[in-house]
K.L.:
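Next up is a structure, given as structure tokens.
Just so it is clear: chains get the letters A, B, ... in the order the sequence lines come, proteins before strands, and each one is counted from 1.
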Amino acid sequence: RGPGEPFYFLTMLPYTSGDLHVGHWYAMAPSDAAARYRRMRGRLVFFPIGFDAFGLPAENAAIKQGIHPHKWTYDNIDRMRGQLKSMGAMFDWPHEAISADPEYYRWNQWFFLKFYEKGLTYRALAPANWCPSCQTVLANEQVLPDGACERCGTAVTHRDLEQWFFKITAYADELLDFSHMEWPDRVMTMQRNWIGRSEGVEVAFGLDVPGVEDKELRVFTTRTDTIYGVTFMVLAPEHPLVPLITTPDRRAEVDAYIAQARRQTEIERLSTERDKTGVFTGAYCRNLLSGEAVPIWIADYALAWYGTGAVMGVPAHDERDFEFAQQFGLPVRVVISPPDWDGGELREAFVEPGAMVNCGQFDGLPNEEGKSAIAGYLEQQGWGRRTVTYRLRDWLISRQRYWGTPIPMVHCPKDGVVPLPEEQLPVLLPQDAEFKPTGESPLAAHEGFVNVRCPRCGGPARRETDTMDTFMDSNWYFIRYLSPDYDQGPFDPELARRWVPVSQYTGGAEHAVMHLLYARFFWKVIRDLGLVHGDEPFLRLFNQGQILGPDGQRMSKSRGNVVAPDVQVDRCGADTFRCYLMFIGPWDEGGPLGLQGIAGVERWLNRAWNLVLGQAGFGGEGSARAIRHLTHKTVRRVTEDFEEFRWNTAIAALMEMTNGLTQARDAGPVDRDAWEEAVQSLLLMMAPLAPHIAEELWERTGRPYSVHAQAWPAGDPELAREEEITLVVQVNGKVRDRIQAAADIAEGEAKELALASPLVRRHLEGHEIARIIYVPGKLVNIVVR
RNA sequence: GCCGAAGUGGCGGAAUUGGCAGACGCGGCAGACUCAAAAUCUGCUGGGGGGCAACCCUCGUGCCGGUUCGAGUCCGGCCUUCGGCACCA
């Protein structure tokens, strides 16, 4: 660490999956280069590392190989730590944190209690994948594409369980604010779409069902202008009104439909490709605006959790509703007139703007105006209210698993759900639980764990046996890194004040939505608890791409396309492998990892080695300007590339510089000062990329340890400037000549040169010059007729 | 299906705002060095056509269309591949 302003450089912590994968190198080696660069730019850099240690794979290993999840995880950590060290990264190892340590997860529990106190948690029924044969909850990953259990092949169904939620929706609007963050546009767009804010109206439709006249059917719509066009209603199969309104003659069919809907995945249900399905409940509701009776259907394209779980069917002006109406022969009523409509049947839904028709008092209004006019009317009549709905759902944090953070709550027959007092933390995960699938949540079968005294009444009670989603661990690990041994709270507040938020975060694009959204939410909550300052946890974000096997497929042992970093490091060295990963292409694109090209990087590092240690002949003062120009041009290019994580072009520039210097040396004596400056600059720029080789060369050339503690070379723009340019001359946009010219050539002179070129004149013959376009320093385009 | 990206020589890729398509590297071919090989170094290397030659012409950035003096880059419509889709992390 050098002196200077703090700079927190964070790379996503690795999951303890086993051996270190090339993907880890691809994520971390460039991050290390960037962190080293920041340090050379004079910042006090914190670059920590840790392990994301809870999760399903540890339990799978336990079940398949009979190894305890704790042993599996910590053995993996030991191996990965050693492999990480071979990378030569400047990781701050004394600050390592491991999420499966009780010293870590006790604070997950502490945060959970704080969220509970703040009213940000609640319990509700939520569906979980359920294998009726194994009698166990399955993760999505454990359900095969055809909907079968990966263990036994039985068809997986859904089962409702009482589970814990965090109210992330309470922060939905704030999470839409990305100002003051330097994040990739695509990540912000994905988060914006994930949150999916829509403004609309919640409208009540009276129920025409004997016995439930006191209830009403509420629908959310952004299209109030189409309410007169409602010809049916669609409820989610799980909608609570369904059992109440279904007529006896429809019940069997409705129940069968609900059962089949429970087997569908959400992606299947929302697919616009497949044919619409649904059944009629036999019940009707009343369209308060038109006074008409509207049949109520259920269909799986309505989702219980979105809006009110009910969709008003306007087939004339919504594509899905149109398809549904076609499928079931429901009427289509046009209420927004297509421009050349003859009053006949529509062939497809009309979703463009237009004038309202068949809308009583609202006829003739442009539909955009009709939207607010009808919304206002509904509010005035007390039939509806303007509201905002989000696609974002609250965060289901419960997992029915062993290898995670126990939720610090107690269920008391007398007092209900009771939080544990802070002093009783941590709730330790018992080492001797039966984590093999038995039909019950693993912790539920552990008598010693489950039975507890109620903190309120002291009577016998049961512990909560769900554990937390592992995304809880990754919400705040970067703050724990600051003081991993701190035991007075989750982190040392003094250090937090100085070091967070994170200056630069790097990690895989696969985390663009979930982890990065949960972590932002978590930060905002603990900010409101007064624990941290600032509105965002990660000021700058860079997502690297995913590295694939040489065959372009995702690397996996079963495909046999795994590139093991250890093997490569043994063969060509850590620096070569690091540089190669940075050289293969833009960091945010990833892609297939062939190993043919590695020789090029190896040769470059060898050439640089020989250049630095080889003898140059001095005394050639005439070479000074050219060498200095090369040096400062390269410094400028490499600096710009480093700022934007463009490693591939930075390395290309350094290769060009190495080649240029080699040529200059071989051409004859060189200017001593210019040469020394060039070699020194080259070493400094190589240092973040190839830390071992740069250090070795730095020392062997008698320079003071360490190259990594030096300042980044300062580029002189005057020396970097090109004196000559290639002026491109086009006729009608086709290149006809290239003329060397002074960089500051005047427009008139450039045009004269262009018109004087014989190659150009050939193409002007017999034509009239219409105009001449001049782009300073670049080109002249002569437009002819 | 929905949301977000990407598609350029034999291969990885370059082209900062619309202005020389193919930087840098791999591979290939030819040559130097060597008894020989390896290593290293030098030159050439998108397709087609023309020229003894220096060179010149022409086509070319997934596909179809458009805007522009000029499009890999912008717009509209497709195709393919990749990431995410809430219990993999």
K.L.:
Syn or anti: how is B:rG27 classified when any glycosidic angle within 90° of 0 counts as syn?
P.N.:
anti
K.L.:
Which is true for A:Pro586 with a 4.0 Å heavy-atom rule: it touches a base, it touches only sugar-phosphate, or it touches nothing?
P.N.:
sugar-phosphate
K.L.:
Please say whether the positively charged group of A:Arg520, taken as NZ for Lys or CZ for Arg, lies over the ring of A:Trp395, i.e. under 6.0 angstrom from the six-membered ring centre and within 45 degrees of the axis.
P.N.:
no
K.L.:
Looking only at atom P, what distance separates B:rC56 and B:rC63, rounded to whole Å?
P.N.:
28 Å
K.L.:
Distance between the P atoms of B:rG65 and B:rU73, in whole angstroms?
P.N.:
15 Å
K.L.:
For B:rG25, give the paired nucleotide (Watson-Crick: N1-N3 plus N6-O4 or O6-N4; G-U: N1-O2 and O6-N3; both under 3.5 Å), or none.
P.N.:
B:rC11
K.L.:
Within this structure, what is the NE2-to-P distance between A:His763 and B:rC69, rounded to whole angstrom?
P.N.:
21 Å
K.L.:
Would you indicate, yes or no, if B:rC59 has its OP1 or OP2 atom less than 4.0 angstrom from a side-chain nitrogen or oxygen of A:Lys734?
P.N.:
yes
K.L.:
What does A:His158 touch in the nucleic acid at a heavy-atom separation under 4.0 angstrom: a base, only the sugar-phosphate, or nothing?
P.N.:
nothing
K.L.:
Report the distance from atom CD1 of A:Ile598 to atom C1' of B:rG25, rounded to the nearest whole Å.
P.N.:
13 Å
K.L.:
Where each residue is assigned the nucleotide of RNA chain B containing its nearest heavy atom, which of A:Gly733 and A:Arg646 is assigned the position nearer the 5′ end?
P.N.:
A:Arg646
K.L.:
May I ask you to verify if any side-chain N or O of A:Asn648 is less than 4.0 angstrom from the OP1 or OP2 atom of B:rC24?
P.N.:
no
K.L.:
Mind checking if A:Arg736 touches a base, just sugar-phosphate, or nothing, with heavy atoms under 4.0 Å?
P.N.:
sugar-phosphate
K.L.:
Do A:Glu268 and A:Arg262 sit within salt-bridge range, that is, some charged N less than 4.0 Å from a carboxylate O?
P.N.:
no
K.L.:
If you measure from the P atom in B:rU16 to the same atom in B:rG72, how many Å do you get, rounded?
P.N.:
13 Å
K.L.:
Is a donor-acceptor pair below 3.5 Å formed from side chain A:Gln730 to base B:rG19, judging by atom type as modelled?
P.N.:
yes
K.L.:
Pick base, sugar-phosphate or nothing for A:Asn659, based on heavy-atom distances below 4.0 Å to the nucleic acid.
P.N.:
sugar-phosphate
K.L.:
Is a salt bridge present between A:Lys751 and A:Glu747, judged by a nitrogen-to-oxygen distance below 4.0 Å?
P.N.:
yes
K.L.:
Return the value, rounded to whole Å, for the distance between atom CD1 of A:Ile547 and atom P of B:rG12.
P.N.:
13 Å
K.L.:
Distance check needed: B:rG13 P versus A:Asp641 CG, whole Å only.
P.N.:
17 Å
K.L.:
Can you tell me the pairing partner of B:rG4 across any strand shown, Watson-Crick or G-U wobble, with both distances under 3.5 angstrom?
P.N.:
B:rC82
K.L.:
Going by purine N1 to pyrimidine N3 plus the second Watson-Crick contact, or the G-U wobble pair, all under 3.5 Å, which nucleotide sits opposite B:rC35?
P.N.:
none
K.L.:
Less than 4.0 angstrom from a charged side-chain N to a carboxylate O is my criterion; do A:Arg399 and A:Asp469 meet it?
P.N.:
yes
K.L.:
What interatomic distance, in whole Å, is found between C1' of B:rU67 and the corresponding atom of B:rG18?
P.N.:
12 Å
K.L.:
How far, in whole Å, is B:rG25 from B:rG77 if one measures between their C1' atoms?
P.N.:
37 Å
K.L.:
Whole Å only: how far is the CG atom of A:Asp318 from the P atom of B:rC2?
P.N.:
13 Å
K.L.:
List the steps, then state whether ring pair (Phe, Tyr, Trp, His ring centres under 6.0 Å) holds for A:Tyr122 with A:Phe166.
P.N.:
CA-CA 7 Å; A:Tyr122 64 92; A:Phe166 280 165; 9.6 Å; no
K.L.:
Rounded to whole Å, how long is the line connecting atom CD of A:Gln544 with atom C1' of B:rG83?
P.N.:
12 Å
K.L.:
Measure from NZ or CZ of A:Arg646 to the centre of the six-membered ring of A:Trp587, then state whether that distance is under 6.0 Å and the direction lies within 45° of the axis.
P.N.:
no
K.L.:
If you measure from the Lys or Arg side-chain nitrogens to the Asp or Glu carboxylate oxygens, is any gap between A:Arg123 and A:Glu464 under 4.0 Å?
P.N.:
yes
K.L.:
Can you check the distance between B:rG62 and B:rG9, where both ends of the measurement are the C1' atom (answer in whole Å)?
P.N.:
15 Å
K.L.:
Can you tell me which nucleotide in B:rA21, B:rG12, B:rU17 comes closest to the side chain of A:Ile584?
P.N.:
B:rG12
K.L.:
Using a 4.0 Å heavy-atom cut-off across all strands, classify A:Thr189 as base, sugar-phosphate, or nothing.
P.N.:
sugar-phosphate
K.L.:
B:rA30 pairs with which nucleotide, Watson-Crick or G-U wobble, both distances below 3.5 Å?
P.N.:
B:rU42
K.L.:
For A:Arg603, report the nucleic acid contact type (base, sugar-phosphate, nothing); a contact means any heavy atom under 4.0 Å.
P.N.:
sugar-phosphate
K.L.:
Tell me whether A:Asp321 is salt-bridged to A:Lys276, with the criterion being a basic N under 4.0 Å from an acidic carboxylate O.
P.N.:
no
K.L.:
Starting from P on B:rG83, measure out to CZ on A:Arg186 and report it in whole angstrom.
P.N.:
14 Å
K.L.:
Treating primed atoms plus P, OP1 and OP2 as sugar-phosphate and everything else as base, which nucleotides of nucleotides 84-89 of chain B get B, S or - for protein heavy atoms under 4.0 Å?
P.N.:
SBBBSB
K.L.:
Distance between the C1' atoms of B:rC26 and B:rC52, in whole angstroms?
P.N.:
35 Å
K.L.:
How many whole angstroms separate atom CD of A:Glu589 from atom C1' of B:rU8?
P.N.:
12 Å
K.L.:
Just by distance, with hydrogens left out, do A:Thr649 and A:Asp641 show a side-chain donor and acceptor under 3.5 Å apart?
P.N.:
yes
K.L.:
Distance check, P atoms only: B:rG76 and B:rU8, in whole angstrom units.
P.N.:
22 Å
K.L.:
Assess whether a salt bridge exists between A:Glu238 and A:Arg269, defined as any Lys/Arg side-chain N lying under 4.0 Å from an Asp/Glu carboxylate O.
P.N.:
yes
K.L.:
So which nucleotide does B:rG76 pair with, by the Watson-Crick or G-U wobble rule with both distances under 3.5 Å?
P.N.:
B:rC64
K.L.:
Considering only side-chain heavy atoms of A:Glu656, which listed nucleotide, B:rC57, B:rA23, B:rC26, is closest?
P.N.:
B:rA23
K.L.:
Does A:Asn610 place a side-chain N or O at less than 4.0 Å from the phosphate oxygens OP1/OP2 of B:rU40?
P.N.:
no
K.L.:
Does the side chain of A:Arg738 get closer than 4.0 angstrom to OP1 or OP2 of B:rC55 through an N or O atom?
P.N.:
no
K.L.:
Could you pick out which residue, A:Thr726 or A:Asp185, lies toward the 5' side of RNA chain B when each is mapped onto its nearest nucleotide?
P.N.:
A:Asp185
